[in-house]
Structures are given as structure tokens and as C-alpha cells.
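Working notes for the structure below.
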Amino acid sequence: MTDLEKILGPASPGLLDPQYVVAVARYQGMVHWLLLETENLILDWTKWRNEFVEAGYQVPGVDVAAAQRAGIVVPDRDTAGEFFHAPEVHRLSLEFLRKALLERFENAQSWWDVSFLFPIAFVDFDSSRLAPFYHQGPQLERYVPDEWVGEFVDFANTYPEEVFPAADKFWVVDGRDLLDELNERGRSAEASRAAVDEPDQGTYTII
């Protein structure tokens with residue numbers, strides 16, 4: 001898949017196949033956007049495989065599984081460049097993701113309506129840190145390489161500017177934080193639903 005953005009198309013309802021997720025990576029001071037299967041965000045496949053083996057499952061060797069990501073069993077700072085070009089790791093541009101979000105933003109009632117566009121993990125090869133932030137799937141933070149830090153954290157809103165600059169966030173457009181606006185829409189919708197469901201405590205009348 002050499003021209004992924006052309007194949008996916010800018011407005012296709014199937015922009016991302018359900019098996020794929022978006023992730024953001026930092027390497028040599030630059031931010032990269034990736035489209036890949038969740039399994040490829042499990043950085044240390046040896047640790048992951050060992051859990052299955054200890055539980056009594058028959059699983060293929062890590063070398064077999066790693067074939068889909070250029071034979072890299074444990075991506076780290078030394079192999080990050082190769083990892084980015086692995087057959088099952090696809091590059092996305094900031095502009096592509098921003099356009100996809102803008103096409104759906106007006107009709108989105110909350111973040112959930114466009115959640116497939118947003119990254120579920122931040123892989124910082126420069127500081128050897130993995131920060132997943134997901135609502136389902138494997139606990140990625142458990143399978144980080146030795147000497148790495150794995151921590152479940154809302155990196156989109158908490159990482160400092162020097163690590164994850166606003167200029168590299170596709171949801172920040174002309175100074176507007178569209179992610180924040182989507183979350184506010186969701187909170188407002190939830191509050192409205194709660195108000196409708198709440199019984200009126202002050203109009204009880206005995207007839």
C-alpha cells in the first residue's frame with residue numbers, strides 16, 4: 001500500500017478499516033502519524049507472547065509474528081526508522097487527518113462520532129516512553145521494552161508543547177481546539193439527556 005491516502009479517499013465512510021488504529025510517534029524530535037493494527041503497538045512481543053505461553057496457549061514464535069513489521073520484535077530508538085517503513089505500518093499526513101476531521105466535524109455530536117481518527121497511543125522513541133489512551137483492547141502499557149516507561153495517560157491534553165506541539169495536532173485548526181469542542185458537545189448532549197430523564201420534583205399534584 002504505497003499511496004494509502006489516495007486509496008482510502010478523503011471522505012469515504014470506511015476511512016479506516018476497523019482493524020486499524022491511529023497512533024502518533026515522536027522520533028528525532030519530529031512527530032509522525034501512523035495507521036497500523038493494534039497488535040503493532042504492542043512493542044515487546046516477547047513479553048506479550050510469554051503471557052500466552054504461560055497460560056497454556058500454543059502461539060507462533062515471535063520471529064514469525066514479527067515478519068509483518070519488518071522482522072522487528074521490539075521496536076526502539078535504534079529500529080524506529082525501519083518500523084515506520086514496515087509492511088503493516090502506514091504513514092498518514094497531518095493534512096489528511098485534519099481534512100478528514102473537518103469533513104465530519106459539523107455533524108459530529110461528540111468525540112465518539114470521529115473517535116476512529118484520533119490516536120490511541122503516543123510512542124516516544126526519543127525518551128523511551130509509551131503512552132496509550134484507549135477505551136478497549138490490550139493493555140499496551142504492559143508490554144514496553146526494558147528500560148522504557150509505559151503509562152496510560154491522556155497525552156493529547158497533558159503532554160507539554162515541547163513533546164507534542166499544537167502545530168502537530170490535526171484537531172487544532174486556526175487556534176481552535178476541535179477536540180475540546182467535540183468533548184463539550186458530548187457533555188452538553190449528556191446533560192440534555194439527563195435533564196429529560198430527570199423527573200420533575202416540583203409539580204406533584206394531588207387530585
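All values below come from the heavy atoms of this structure, side chains included, with hydrogens, waters and symmetry mates left out. Quick caveat: nothing in here was measured; it's all calculated off a predicted structure.
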Quiz item: Listed by chain and number, what are the side chain to side chain donor-acceptor pair (under 3.5 Å) partners of Asp44, not counting sequence neighbours?
Solution: none

Quiz item: Got a sec, which pairs hit salt bridge (charged side-chain N to carboxylate O under 4.0 Å, His left out) with one end in residues 51-73, sequence neighbours left out?
Solution: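 Listed by first then second residue: Glu51-Arg142.
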
Hey, what do you get for [atom1] ([X]) to [atom2] ([Y]), rounding to the nearest 0.5 Å?
| X | Y | atom1 | atom2 | value |
| --- | --- | --- | --- | --- |
| Asn50 | Trp45 | CG | CH2 | 14.0 Å |
| Asp126 | Arg26 | CG | CZ | 4.5 Å |
| Leu43 | Leu41 | CG | CG | 7.0 Å |
| Trp148 | Phe125 | CH2 | CZ | 5.0 Å |
| Tyr134 | Leu140 | OH | CG | 5.5 Å |
| Glu141 | Phe152 | CD | CZ | 7.0 Å |

Exercise. Answer with yes or no whether the hydrophobic clustering places Leu117 together with Val173; edges join I, L, V, M, F, W, Y residues whose side-chain heavy atoms lie under 4.5 Å apart.
Key: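 Yes, Leu117 connects to Val173 through the hydrophobic network.
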
Quiz item: Parallel, tilted or perpendicular: which fits the ring planes of Phe164 and Phe155, with parallel below 30° and perpendicular above 60°?
Solution: tilted

Exercise. Name the orientation class of the two ring planes belonging to Phe52 and Trp48 (parallel below 30°, tilted from 30 to 60°, perpendicular beyond 60°).
Key: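 Answer is perpendicular, since the angle exceeds 60°.
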
Quiz prompt | Distance under 6.0 Å and angle within 45° of ring axis: Arg129 vs Tyr159 | solution = no

Self-check item: Pair Asp113-Ser110, side chain to side chain donor-acceptor pair (under 3.5 Å): steps then yes or no
Solution: CA-CA 6 Å; Asp113 292 330; Ser110 73; 4.5 Å; no

Show which side-chain atoms of residues 28-39 pair as donor or acceptor with protein atoms under 3.5 Å away, not counting sequence neighbours.
residue : atom : partner : partner atom : Å
His32   : ND1  : Arg91   : NH2          : 3.0
Trp33   : NE1  : Asp168  : O            : 3.3
Glu37   : OE2  : Gln19   : NE2          : 2.8

Quiz item: Do NZ/NE/NH1/NH2 and the carboxylate oxygens of Arg193 and Glu190 come within less than 4.0 Å?
Solution: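 Yes, Arg193 and Glu190 are salt-bridged.
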
Exercise. Could you list the residues that satisfy salt bridge (charged side-chain N to carboxylate O under 4.0 Å, His left out) with Arg187, not counting sequence neighbours?
Key: Glu184

Is it the case that the side chain of [X] and the backbone of [Y] share a donor-acceptor pair, with hydrogens and angles ignored and the cut-off at 3.5 Å?
| X | Y | answer |
| --- | --- | --- |
| Thr79 | Glu82 | no |
| Arg185 | Gln109 | no |
| Glu161 | Ala166 | yes |
| Arg98 | Phe170 | yes |

Quiz item: In this structure, are over 12 heavy atoms from other groups packed under 6.0 Å from Glu147 atom CD?
Solution: no

Exercise. Using ring pair (Phe, Tyr, Trp, His ring centres under 6.0 Å) as the criterion, list what pairs up with Phe83, not counting sequence neighbours.
Key: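 Per chain and number, Phe83 pairs via ring pair (Phe, Tyr, Trp, His ring centres under 6.0 Å) with no residue.
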
Exercise. Dump the intermediate steps for ring pair (Phe, Tyr, Trp, His ring centres under 6.0 Å) on Phe116 and Tyr20, then the final yes or no.
Key: CA-CA 9 Å; Phe116 60 93; Tyr20 289 106; over 10 Å; no

Quiz item: If you take all heavy atoms of Pro75 and Pro145, which pair is closest and at what distance?
Solution: O-CG, 3.8 Å

Self-check item: Residue list, side chain to side chain contact (heavy atoms under 4.5 Å, CB included) with Val64, at least two apart or on another chain
Solution: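 Expected list: Pro60.
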
Self-check item: Between Phe133 and Phe118, ring centroids under 6.0 Å
Solution: no

Practice problem: Go through Asn183 and Asp180 one step at a time and tell me if the side chain to side chain donor-acceptor pair (under 3.5 Å) criterion holds. | Solution: CA-CA 5 Å; Asn183 287 332; Asp180 186 60; 5.4 Å; no

